[in-house]
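Letters A, B, ... mirror the listed sequences (proteins, then strands); counts begin at 1.
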Amino acid sequence: MELPELETFSERVYWVVAQVPSGAVASYGQIAHLAGAPRAARAVGTLMRRSKENGHEDVPWQRIINSKGAIAFKGDTLRAEHQVRLLVAEGVVFDDYSCDMDTFEWSPDHAYWAVEW
DNA sequence: GTGATGACACAAT
DNA sequence: AATTGTGCCATCA
């Protein structure tokens, strides 16, 4: 695949997230880093929450969790359970709203991840 | 332009 | 292990 030339941070984030394969997960911080803003993990969370209304209904938002391997918004039980269901269906093993990052965290394996946006 | 808001991350309790 | 405090930063109002 080719590295697209995306202007805005949000577009780059959505593109990176789209690269995460089924059966794997990635942290907000990892996505922020790959999108060129290493410390913008928090902003990535905002973008995942709003992905649908931003016109990115197809991005696998459910694969983005926090750095500890847990669902980020335990407050919203309904939504959290939905996310876990989706991930389990993809083969990720969850226990008490969290999974083992050593096993399931996505490892980007292409050289172009080193390029600068 | 300015300040408030989070699906974060990390260190210190 | 769980909670609290700080830093962060793209969005939104």
When rounded to the nearest 0.5 angstrom, what is the spacing between [atom1] in [X] and [atom2] in [Y]?
X: A/R49; Y: A/L47; atom1: CZ; atom2: CG; result: 9.0 Å
X: A/S67; Y: A/M101; atom1: OG; atom2: CE; result: 7.0 Å
X: A/S27; Y: A/K68; atom1: OG; atom2: NZ; result: 12.0 Å
X: A/C99; Y: A/I65; atom1: SG; atom2: CD1; result: 3.5 Å

How far apart are the C-alpha atoms of A/N54 and A/S10, what are their side-chain angles, what is the distance that settles it, and do they pass the side-chain contact (heavy atoms from CB on, under 4.5 Å) test?
-> CA-CA 10 Å; A/N54 282 353; A/S10 67; 5.8 Å; no
Using atom [atom1] of [X] as one end and atom [atom2] of [N] as the other, report the distance to the nearest whole Å.
X: A/R63; N: B/dC8; atom1: CZ; atom2: P; answer: 20 Å
X: A/H33; N: B/dC10; atom1: NE2; atom2: C1'; answer: 17 Å
X: A/N66; N: B/dA7; atom1: CG; atom2: C1'; answer: 9 Å
X: A/I31; N: B/dG6; atom1: CD1; atom2: C1'; answer: 18 Å
X: A/Y28; N: B/dT5; atom1: OH; atom2: C1'; answer: 16 Å

Shortest non-hydrogen pair, A/F73 vs A/R79, comes out as CE1-CB, 3.4 Å
Between the side chain of A/Y28 and the main-chain N/O of A/M48, is any donor-acceptor distance below 3.5 Å?
-> no
Would a distance-only check, ignoring hydrogens and angles, find a side-chain to backbone donor-acceptor pair under 3.5 Å from A/Q62 to A/H82?
-> no
Under 4.0 Å protein heavy-atom contacts per nucleotide of nucleotides 7-12 of chain C, with B for base, S for backbone only and - for none | BBSSSS
A/S67 side chain N/O closer than 4.0 Å to the phosphate oxygens (OP1, OP2) of B/dC8?
-> no
Contact list (N/O, under 3.5 angstrom) for nucleotides 1-4 of chain C vs protein:
none

